[in-house]
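What follows is a set of notes on a single structure, which appears directly below.
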Amino acid sequence: MKSKFCLVLNADLESSDETVLLEKNYQNVFKPLLSFLYSHKDFFLTIGFSGPQLSHYEKKHPESIELLHELSSKRQIEIIGGGYYSPIFPLLLPMDRSGQIEKMNSLVRSTIGKRPCGMTLFGSIWDSCLVSTFQSCGMEYVFLDSSLVPKKHLKCCPLIASEQGRSIKIFPSYKNLIPLENESCQEWTSRIKTFVSKIRPEQFPFSNEFFEPVLSLCFSFEQFGSFMKSQCFASVSENSEDVSFTTPYLYLKKSKCFSPAYIPAGMDSEISKWSLIPFEQVENKTGFPPTIQDYLNLYLQNKRLYERMVYISMLVSQCKGGDKVRKTASSEVLWKAQDGTNYLSPSFGVPSPAEKRQKAFRALNEAERLIRAGCKNFQRVTYFF
């Protein structure tokens with residue numbers, strides 16, 4: 001049996017607000033990737049953008065949007081959504097969660113032509129309370145780092161998580177199965193076969209259903225650029241007998257096998273290492289996954305930004321009167337301040353630089369100015385922390 005892969009190219013978060021870096025990654029990674037996809041009809045890929053990144057491509061490289069539209073219409077690629085400004089969802093009020101998701105959905109639909117059905121999370125920062133919001137926004141599945149999933153549920157198939165009568169499918173992303181540098185195709189496929197061979201049919205509660213194992217691999221732009229230059233990529237992309245590719249839509253359309261599981265609150269393993277001792281990488285041996293609240297309690301400069309953000313978010317949500325245009329403008333500035341990279345670096349797990357936090361504070365001050373100028377009844381609401 002072939003090993004079936006769902007390859008995901010994640011948003012270029014680190015450079016989403018840097019035009020020079022966006023251009024560099026476009027020329028080095030995204031442009032060659034589009035050329036490759038157009039000439040290899042059997043290679044399927046899932047792509048997740050941030051809102052600023054996709055907007056930049058739409059403005060500066062409309063030819064890439066046309067190619068994405070054509071490839072998407074052929075089901076060769078699938079564009080997934082998320083929050084427009086890549087926020088840390090558990091830190092947001094429900095209104096801001098749904099607002100950012102819908103803004104991203106609208107952008108994808110207007111540029112690519114199809115509304116996204118799935119999403120990725122910034123740093124795989126997860127909480128079960130998100131299920132209700134995601135489903136109400138039309139999300140059918142989400143990608144999560146496999147380190148968040150209890151080992152007994154890692155069965156090479158999508159999971160299904162439920163909360164208060166609502167459910168969402170989860171594709172675990174296996175970071176440990178990403179090809180290593182200078183690793184040959186034979187060595188990589190051997191590792192894959194060894195991993196898949198540990199899965200036994202009797203482990204599944206749906207043995208009477210058709211089951212096809214699938215492995216999800218999420219790449220950053222930098223990782224995918226290196227992967228494209230490797231011998232491993234050259235081998236598997238040319239109709240390999242051991243590997244085939246799919247997208248979540250194509251897989252879910254055919255498969256009905258989902259393993260029910262409860263996923264506790266947690267985050268990416270690389271971020272978790274920085275959540276025990278300030279500015280030191282420590283392996284978690286407690287058996288309890290660190291959460292984003294543990295991270296904020298460790299780095300007080302980030303917690304102060306979080307508290308300020310929540311206060312402004314409540315001001316915006318409680319304002320009932322005034323100029324609706326100003327309220328909409330204040331929400332937009334607030335969402336920019338909720339960018340996850342203002343709190344931490346997803347690539348390294350360490351807190352973001354002071355410049356980014358200061359930029360977020362300035363955006364929050366501007367949001368407060370707009371909402372106080374536009375809403376006449378803000379003074380009636382009192383908040384305590």
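Position 1 is the first residue of the sequence; numbering continues from there. Keep in mind it's a predicted model, so treat the numbers as computed, not measured.
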## Note on the structure
Taking every heavy atom of C218 against every heavy atom of Q223, the minimum-distance pair comes out as O-OE1, 3.9 Å
### Query
Quick one: do E183 and R191 make a salt bridge, cutoff under 4.0 Å?
yes
### Query
Does the side chain of S352 come within less than 4.5 Å of R357's, by heavy atoms?
yes
### Query
Any link between M314 and Y306 through a network of hydrophobic side chains (Ile, Leu, Val, Met, Phe, Trp, Tyr) touching at under 4.5 Å?
yes
### Flag side-chain contact, heavy atom, 4.5 Å: C6 against L217
no
### Query
If you take all heavy atoms of L148 and D268, which pair is closest and at what distance?
CD1-N, 3.9 Å
### Query
Does the side chain to side chain contact (heavy atoms under 4.5 Å, CB included) test come out yes or no for K327 and I371, once each step is laid out?
CA-CA 6 Å; K327 185 175 180 180; I371 200 63; 3.9 Å; yes
### Residue list, side-chain hydrogen bond (donor to acceptor under 3.5 Å, both in side chains) with Y299, at least two apart or on another chain
none
### Query
Crowded around F288 CZ? As in, over 12 foreign heavy atoms under 6.0 Å?
no
### Task
Report yes or no: does S167 contribute a side-chain atom to a donor-acceptor pair with the main-chain N or O of E163 at less than 3.5 Å?
no
### Query
Is E222 atom CD crowded by more than 12 heavy atoms from other residues, nucleotides or ligands, each under 6.0 Å away?
no
### Query
Within a reach of under 6.0 Å around CD of Q164, are more than 12 heavy atoms found that belong to other residues, nucleotides or ligands?
no
#### Entry: Under-4.0 Å salt bridge between K356 and D339
no
### Query
Would the number of heavy atoms belonging to other residues, nucleotides or ligands and lying under 6.0 Å from CD of Q281 be above 12?
yes
### Query
Which is it for Q53 and Y26 under the side-chain hydrogen bond (donor to acceptor under 3.5 Å, both in side chains) test, yes or no, and what are the steps along the way?
CA-CA 10 Å; Q53 182 184 14; Y26 175 82; over 6 Å; no
### Query
Do L180 and M228 sit in the same hydrophobic cluster, where Ile, Leu, Val, Met, Phe, Trp and Tyr count as joined when their side-chain heavy atoms come under 4.5 Å apart?
no
### Query
Should E70 and K74 count as an ion pair when the cut-off is N to O under 4.0 Å?
yes
### Query
Of the non-hydrogen atoms in S55 and L107, which two are nearest, and what is the gap between them?
OG-CD2, 3.5 Å
### Message
Do Y262 and V131 land in one hydrophobic cluster if side-chain heavy atoms of ILVMFWY residues count as linked below 4.5 Å?
### Response
no
### Task
Decide whether K359 and N342 meet the rule of one side-chain donor and one side-chain acceptor closer than 3.5 Å.
no
### Message
Test side chain to side chain contact (heavy atoms under 4.5 Å, CB included) on T111 and H69; report intermediate values, then the result.
### Response
CA-CA 8 Å; T111 54; H69 188 282; over 6 Å; no
### Task
Any chance you could measure I271, atom CD1, to I88, atom CD1, to the nearest 0.5 Å?
7.5 Å
### Message
Please verify the inter-ring angle class for F171 with Y141; under 30° counts as parallel, over 60° as perpendicular, anything in between as tilted.
### Response
perpendicular
#### Entry: Reported CG-to-CZ distance for the pair N25 and F221, which is rounded to 0.5 angstrom
6.5 Å
### Message
Working to the nearest 0.5 angstrom, can you tell me the gap between S330 OG and L370 CG?
### Response
6.0 Å
### Query
Backbone N or O of K114 within a donor-acceptor pair of the R109 side chain at under 3.5 Å?
no
### Message
Please find the pair of heavy atoms, one from P289 and one from D294, that lie closest to each other, and give the distance.
### Response
O-OD2, 4.5 Å
### Query
Is there a side-chain contact between R308 and I312, using heavy atoms and a 4.5 Å cut-off?
yes
### Message
Donor-acceptor check, side chain of S162 to backbone of G165, threshold 3.5 angstrom: yes or no?
### Response
no
## Note on the structure
To the nearest 0.5 Å, atom CG of L45 lies from atom CG of L33 at 5.5 Å
### Task
Taking the side chain as every heavy atom from C-beta outward, state whether I65 and L54 have any pair of such atoms under 4.5 Å apart.
yes
### Task
Say whether L276 and I292 are linked into one hydrophobic cluster, either directly or through other cluster members, by side-chain heavy-atom distances under 4.5 angstrom.
no
### Query
Do the side chains of M267 and F279 join up, straight or via other hydrophobic residues, at under 4.5 Å, putting them in one cluster?
yes
### Query
Is it the case that E23 and H56 place a side-chain donor and acceptor less than 3.5 Å from each other?
yes
### Message
Quick test of your reading: applying ring-ring contact (aromatic ring centres under 6.0 Å, His included), list the pairs with at least one residue in residues 90-135, sequence neighbours left out, ordered by first then second residue.
### Response
F89-F134
### Gap between atom SG of C185 and atom CD of Q231 - 0.5 Å precision
10.0 Å
### Message
Tell me if a side-chain donor or acceptor on E140 pairs with a main-chain N or O of G118 at a distance below 3.5 Å.
### Response
no
### Message
Less than 6.0 angstrom from the centroid, inside 45 degrees of the normal: does K103 satisfy that with respect to the ring of Y84?
### Response
yes
### Query
Can we call the ring centroids of F36 and F233 under 6.0 Å apart?
yes
### Summary
d(I112 CD1, E66 CD) to nearest 0.5 Å is 11.0 Å
### Query
Is the closest side-chain heavy-atom distance between S173 and V8 below 4.5 Å?
no
#### Entry: Side-chain ion pair, E366 and R369, N-O less than 4.0 Å
yes
### Task
Take L344 and V350, measure what side chain to side chain contact (heavy atoms under 4.5 Å, CB included) needs, and give me the verdict at the end.
CA-CA 6 Å; L344 58 91; V350 296; over 6 Å; no
### Passing option when F5 is tested against F227, Y174, W188 for ring pair (Phe, Tyr, Trp, His ring centres under 6.0 Å)
W188
### Query
Has R75 got its NZ or CZ under 6.0 Å from the middle of the six-membered ring of Y249, at an angle within 45 degrees of the ring axis?
yes
### Message
If you count heavy atoms of other groups shown closer than 6.0 angstrom to NZ of K41, is the number above 12?
### Response
yes
### Query
Do I79 and P116 touch side chain to side chain, with heavy atoms closer than 4.5 Å?
no
### Message
Is it the case that the side chain of S345 and the backbone of T341 share a donor-acceptor pair, with hydrogens and angles ignored and the cut-off at 3.5 Å?
### Response
no
### Query
Can you name the nearest heavy-atom pair linking I170 to P172, along with the distance?
O-CD, 3.3 Å
### Task
Indicate the atoms forming the closest heavy-atom contact of S136 with T133, along with that distance.
OG-O, 2.7 Å
#### Entry: Min side-chain heavy-atom separation S124-F143 under 4.5 Å
no
### Task
Not counting sequence neighbours, which residues clear side-chain hydrogen bond (donor to acceptor under 3.5 Å, both in side chains) with S313? List them please.
D96
### Query
Between F49 and F30, is the gap from one ring center to the other below 6.0 Å?
yes
### Pair R115 + E102, salt bridge at N-O below 4.0 Å
yes
### Task
Decide side chain to side chain contact (heavy atoms under 4.5 Å, CB included) for L298 and W274; before the verdict, give the C-alpha distance in whole Å, the side-chain angles of both, and the deciding distance to 0.1 Å.
CA-CA 9 Å; L298 196 64; W274 298 91; over 6 Å; no
### Message
Within the 4.5 Å heavy-atom criterion, are L67 and S35 side-chain neighbours or not?
### Response
no
### Task
Could you tell me whether F44 and F245 have their ring centroids closer than 6.0 angstrom?
no
### Query
Should K273 and E270 count as an ion pair when the cut-off is N to O under 4.0 Å?
yes
